[in-house]
Student: 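Dropping a structure here in structure tokens format, bear with me for questions.
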There are 2 protein chains.
Amino acid sequence: MGVIRKTKSVEALLHEFNTSDEAISAKQLIEQLDSKFNKTTIYRVLDKLEEDGVLHSFLGKEGLKWYAKCNGCSASKHKDVHPHFQCLKCGRVDCLPFSMAIPEIPNRKVEVSQVLIQGLCEKCCV
Amino acid sequence: MGVIRKTKSVEALLHEFNTSDEAISAKQLIEQLDSKFNKTTIYRVLDKLEEDGVLHSFLGKEGLKWYAKCNGCSASKHKDVHPHFQCLKCGRVDCLPFSMAIPEIPNRKVEVSQVLIQGLCEKCCV
DNA sequence: AAATATAACGCAACTTAGTTGTAGTAACAA
DNA sequence: TTGTTACTACAACTAAGTTGCGTTATATTT
Ligand SMILES: [Mn+2]
Ligand SMILES: [Mn+2]
Ligand SMILES: [Zn+2]
Ligand SMILES: [Zn+2]
């Protein structure tokens, strides 16, 4: 962790991610914590937590930014790469606990890949 | 909604996609055709062409909307599903001509999936 | 060829996720 | 307790994309 102070907003955000296993969108966090923190603060803390390897981010269905806890990442190395799943009915998003093989592509150098699978989640399936 | 008239904007947009094999972002089309058509028109024609199975859309790196030609799709069935590649250096995007197997996920019903691979393109690789 | 119906157009105003600049405040180490 | 500066709130901004509406162009009918 680089230089990050234990401020109220940092603790509130970490609390959100520690009391849920799902991903949370920046939008949702801003709504939830609206009375307590300014949206700018939330965006900046999220940035910082990502830099420090505490969270990772990705884009969901409508191009919104989502965040989720990292497992075993650090400021210097983000190694926790995996696909994400978004429910088309309730909108919830979570990290899928496996990795997908990315094929080599002729004449191109693959560096990252992001996979977003969409469908019905456990709760909406039944 | 099959009723589409052969207007100047429709022809101009189709021309863009017929003279290039790459995907093109809405943003780029608006810039390119700025002197000829209003951006609202461009967005609406792109919508229409997608509905009609002429184009398909997806989100790129920064959440921008990209479009590319469909192969063998129709208004009733979009069957042309494949990953996309975006170059981290020049920003260009194209369709990858193969399909990726999406794993089944326990207790979930997979419906769609979008894969965006990022790295260096053919031109930027050397 | 003219009249008609309506799809498509341009424009301006709007929406909204996310960003930027800045002056004041609070965390933490000295 | 004091000093440094990371962090915060606020307001103003950015930019991709959307919406409403009066006008224009395309295709169809007469
Ligand atoms: Mn994840
Ligand atoms: Mn494609
Ligand atoms: Zn669901
Ligand atoms: Zn390139």
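Keep in mind it's a predicted model, so treat the numbers as computed, not measured. Every chain is numbered from 1 and lettered A, B, ... according to where its sequence line falls, protein lines coming before strand lines. Worth knowing before you read on, the calculation uses all heavy atoms, side chains too, and leaves out hydrogens, waters and symmetry mates.
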Student: Tell me the interatomic distance from I42(A), atom CD1, to dA9(D), atom C1', rounded to whole angstroms.
Tutor: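 Interatomic distance, CD1 of I42(A) to C1' of dA9(D): 12 Å.
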Student: Between H15(B) and E11(B), is there a side-chain heavy-atom distance shorter than 4.5 Å?
Tutor: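 Contact flag for E11(B)/H15(B) side chains = no.
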Student: Given atom CG of L29(A) and atom C1' of dG18(C), what is their separation to the nearest angstrom?
Tutor: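 In whole Å, dG18(C) C1' lies 14 Å from L29(A) CG.
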Student: Considering all heavy atoms of both residues, which atom of F58(A) and which atom of A23(A) are nearest to each other, and what is their separation?
Tutor: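 Of all heavy-atom pairs spanning F58(A) and A23(A), the closest is CZ-CB, 3.8 Å.
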Student: Test your reading of the model: is there a side-chain donor-acceptor pair from K65(A) to the backbone of S57(A), 3.5 Å cut-off?
Tutor: no
Student: Would you find more than 12 non-hydrogen atoms of other residues, nucleotides or ligands less than 6.0 Å from N18(A) atom CG?
Tutor: yes
Student: Any chance you could list the contact pattern along nucleotides 25-30 of chain C? Use B for base contacts, S for sugar-phosphate-only contacts and - for none, protein heavy atoms under 4.0 Å, 5' to 3'.
Tutor: -BBS--
Student: Between Q28(B) (CD) and dG17(D) (C1'), how many Å, whole number?
Tutor: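 Q28(B) atom CD is separated from dG17(D) atom C1' by 17 Å.
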Student: Between D47(A) (CG) and dA17(C) (P), how many Å, whole number?
Tutor: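 Those two atoms, CG and P, are 17 Å apart.
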Student: Any sub-3.5 Å donor-acceptor pair from D52(B)'s side-chain atoms to V54(B)'s backbone N or O?
Tutor: no
Student: Tell me the interatomic distance from Y67(A), atom OH, to dA17(C), atom P, rounded to whole angstroms.
Tutor: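 From Y67(A) OH to dA17(C) P: 14 Å.
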Student: How do A26(B) and K36(A) order along DNA chain D: which one's closest nucleotide is nearer the 5' end?
Tutor: K36(A)
Student: Could you go through the side chain to side chain contact (heavy atoms under 4.5 Å, CB included) check for H56(A) and K69(A) one step at a time?
Tutor: CA-CA 6 Å; H56(A) 61 279; K69(A) 264 180 291 182; 5.9 Å; no
Student: Rounded to the nearest Å, what distance is computed from the CD atom of residue E50(A) to the C1' atom of nucleotide dG18(C)?
Tutor: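 Nearest whole value for this atom pair: 14 Å.
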Student: I need a per-nucleotide contact map over nucleotides 10-16 of chain D, read 5' to 3'. Cutoff is protein heavy atoms under 4.0 Å; write B for the base, S for backbone only, - otherwise.
Tutor: BB----S
Student: Mind checking whether H78(B) and C70(B) have side chains closer than 4.5 Å, heavy atoms only?
Tutor: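 The answer is yes, as the side chains (C-beta and beyond) meet within the 4.5 Å cut-off.
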Student: So do the side chains of W66(A) and L59(A) get within less than 4.5 Å of each other, counting heavy atoms only?
Tutor: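 They are not in side-chain contact.
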Student: Would you mind writing out the side-chain donor-acceptor pairs for residues 91-109 of chain B within the sub-3.5 Å range, not counting sequence neighbours?
Tutor:
from: D94(B); atom 1: OD1; to: R108(A); atom 2: NH1; distance (Å): 2.9
from: R108(B); atom 1: NH1; to: D94(A); atom 2: OD1; distance (Å): 2.9
from: K109(B); atom 1: NZ; to: E111(B); atom 2: OE2; distance (Å): 3.4

Student: CD of E51(A) versus C1' of dA6(D): gap in Å, rounded?
Tutor: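 Computing the E51(A):CD to dA6(D):C1' distance gives 13 Å.
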Student: I need the CH2-C1' distance between W66(A) and dA17(C), as an integer number of Å.
Tutor: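 Spelled out: CH2 on W66(A) to C1' on dA17(C) is 14 Å.
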